[in-house]
Amino acid sequence: MLQMRGIDKAYGSVRANQGIDLDVPAGRIVGLLGENGSGKSTLMKVLFGIVRADAGTIRFSDQSLSAHTPREALAAGLGMIHQHFTLVDAMTVAENVALGWRDGGPWLKPAEIARRISEANRTYGLGVNPDDLVENLAFGQRQRVEITKAIVLGAELLILDEPTSNLSPPEVRDLLVVMHRLREQGRAVVFISHKLDEVLDICDEVVVLRDGQVAGRAPVAGATRADLARMMVGRDVTEPLVRRARVAGPTVLEARALRFAEPHRQRLNGIDLVLRRGEVLGIAGVDGNGQTELADVLAGLRSAGAGMVLLDGEEITGESVSARLARGLAYIPVDRARTSLVPAMSVADNIALREFDRAPFSHRGWLRGRALASRAAERIQRFSIKVAHGSKPARTLSGGNQQKIVLAREIGREPKVLIAHQPTWGLDPGATRFVIDQILALRDAGGAVLYLASSLEEILAISDRIAVMHGGLLSEAIERDKVDVTEIGLLMAGVGFAHGVAEAAA
Ligand SMILES: Nc1ncnc2c1ncn2[C@@H]1O[C@H](COP(=O)(O)OP(=O)(O)OP(=O)(O)O)[C@@H](O)[C@H]1O
């Protein structure tokens, strides 16, 4: 169905794609793997007409695509599901699908659009309701709306860019079912992922990129995680984590009966939490159960409606973000692209962002360029950020490498308390492992870490104590060694939470 040949794309001196060949047959799922910055997004942007290749040819369903626009790519039968959705919140599902209707195509009555959505639902098991308002839908449902839209608009080949990163385990299973059905119906899928197990589970074959070139391709049958990892980085990165025992110290961060309410946001319905020196407290839970609100309220980005936050026994509930930062709090928010990184600023400036006004970065009101540059060079090296120089704007880095800038800044400051929300989102396996090791080292040095993630596997690997969040409530924290995974699973599904009682008390 798709034949890409000899694709070259350079950004200045960075050769993001070099002579890449990619074949995707109909009825196949091809995994596109590679470390952060290896050129996966660039290749897909070339295919979809978002960026123009310097050289190479593309044939898709017997048409030649060159110098095409995304609109022409859509018309040819390509669909791209981005990590950041393109839906209009205030419209219904059917209206969103109608919006995507090709210019010049036949005008469709709302009833006809609804019919096509139900048909897509039946064939692919999407479970999308045409009349739902998008703003009321959870992340996983929005993603299925995007897929529905692509199918109704006639996509024969779908590009899914890290589609499982923000999904809960049941949502991942549902998505994999949808992908199976797409394959059965003779459509093709390009699946970009850093999760090797999922790639092994769902793909027919994989293509691995390294430094802008194809490092290997292989059928998935018979391959192992270690094989894939080796192709990606040239060595094995899947060694199991060896955890050392820890001795937790006194309480550093505490929340008492914390409440938060805002229209269209998950509420916090009275959260009690204790975080001690030298421990990682993992908060498991399906996304959208108040994790973002809890982390924001603790970091001072949102104000609590009621309750208290204490740091080292002093109340900080009303304090500003910067006052909290000065007390040694660091925050890795989930929506880093919007809240934590300034894309137009250089990598070096982003790394110094929290400390501009302090030595060594400023002196009598003057910024010290050399100190900025040397700190950046050190962090770029330590966190393996793939960039030619710290002076480059952050927006020119690959998604995973932008992420590493925030991690390098927040973890690198050796904070007293680190609140980390999905810190490994979008990172390749090597980088994920590195970040986990850094967080454990911070803990071993006496730091306190609140770790929020939707991957239970990750929570189990890193935490000393685990609590579950559901519907704006937090369960009691359990020591890692005493955790029963089934029980955590049930809590994640909301079984065992006394919602009625808490709501009545509110
Ligand atoms: N607009 C741009 N300007 C300059 N350089 C860019 C631009 N977009 C990408 N690059 C560079 O091209 C290279 C490949 O980036 P790309 O986004 O394709 O990687 P990726 O494999 O998708 O990574 P990730 O897994 O982190 O998303 C990187 O070195 C990146 O810095």
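Counting starts at 1 for both ligands and their atoms, in listed order.
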Can you list the atoms of ligand 1 that are under 4.0 Å from a heavy atom of [X]?
{"X": "Ser398", "result": "15 (O), 16 (P), 17 (O), 19 (O), 23 (O), 24 (P), 26 (O), 30 (C), 31 (O)"}
{"X": "Gly400", "result": "24 (P), 26 (O), 27 (O)"}
{"X": "Thr42", "result": "14 (C), 15 (O), 16 (P), 18 (O)"}

Based purely on interatomic distance, does [X] place a nitrogen or oxygen under 3.5 Å from a nitrogen or oxygen of ligand 1?
{"X": "Gly39", "result": "yes"}
{"X": "Arg395", "result": "no"}
{"X": "Asn36", "result": "yes"}
{"X": "Ser38", "result": "yes"}
{"X": "Leu397", "result": "no"}

Original post:
Short question: side chain of Arg210, backbone of Gly34 - any donor-acceptor pair under 3.5 Å?
Top reply: no

Work out whether the distance between some heavy atom of [X] and some atom of ligand 1 is less than 4.0 Å.
{"X": "Gly34", "value": "no"}
{"X": "His194", "value": "yes"}
{"X": "Glu35", "value": "yes"}

**OP:** May I ask you to identify the nearest protein heavy atom to atom 27 (O) of ligand 1, giving residue, atom name and distance to one decimal place in Å?
**Re:**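 Ranked first by proximity to atom 27 (O) of ligand 1 is Gly399 N, 3.6 Å.
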
Subject >> Test salt bridge (Lys or Arg N to Asp or Glu O under 4.0 Å) applied to Arg217 and Glu205, step by step >> reply: CA-CA 7 Å; Arg217 39 182 120 236; Glu205 54 196 277; over 6 Å; no

Subject >> Between CG on residue Leu329 and CZ on residue Arg324, distance to nearest 0.5 Å >> reply: 7.5 Å

**OP:** Would you check if there is a donor-acceptor pair between the side chains of Arg443 and Tyr451 at a distance under 3.5 Å?
**Re:** no

**OP:** Please determine, by modelled atom types, if Thr424 and Glu458 share a side-chain donor-acceptor pair under 3.5 angstrom.
**Re:**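 Indeed, the side chains of Thr424 and Glu458 share at least one donor-acceptor pair under 3.5 Å.
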
Original post:
Between Arg5 and Asp23, is the closest basic N to carboxylate O distance under 4.0 Å?
Top reply: yes

Subject >> Per atom 11 (C) of ligand 1, closest listed option by heavy atom (Leu427, Thr396, Asp428, Asn401) >> reply: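 Among Leu427, Thr396, Asp428, Asn401, the closest heavy atom to atom 11 (C) of ligand 1 comes from Thr396.
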
**OP:** Could you name the option among Ser193, Ser41, Ala16, Gly212 that has the heavy atom nearest to atom 13 (C) of ligand 1?
**Re:** Ala16

**OP:** Tell me which part of Val14 gets within contact of ligand 1: side chain, backbone, both or neither, using heavy atoms under 4.0 Å.
**Re:**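 The side chain, only.
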
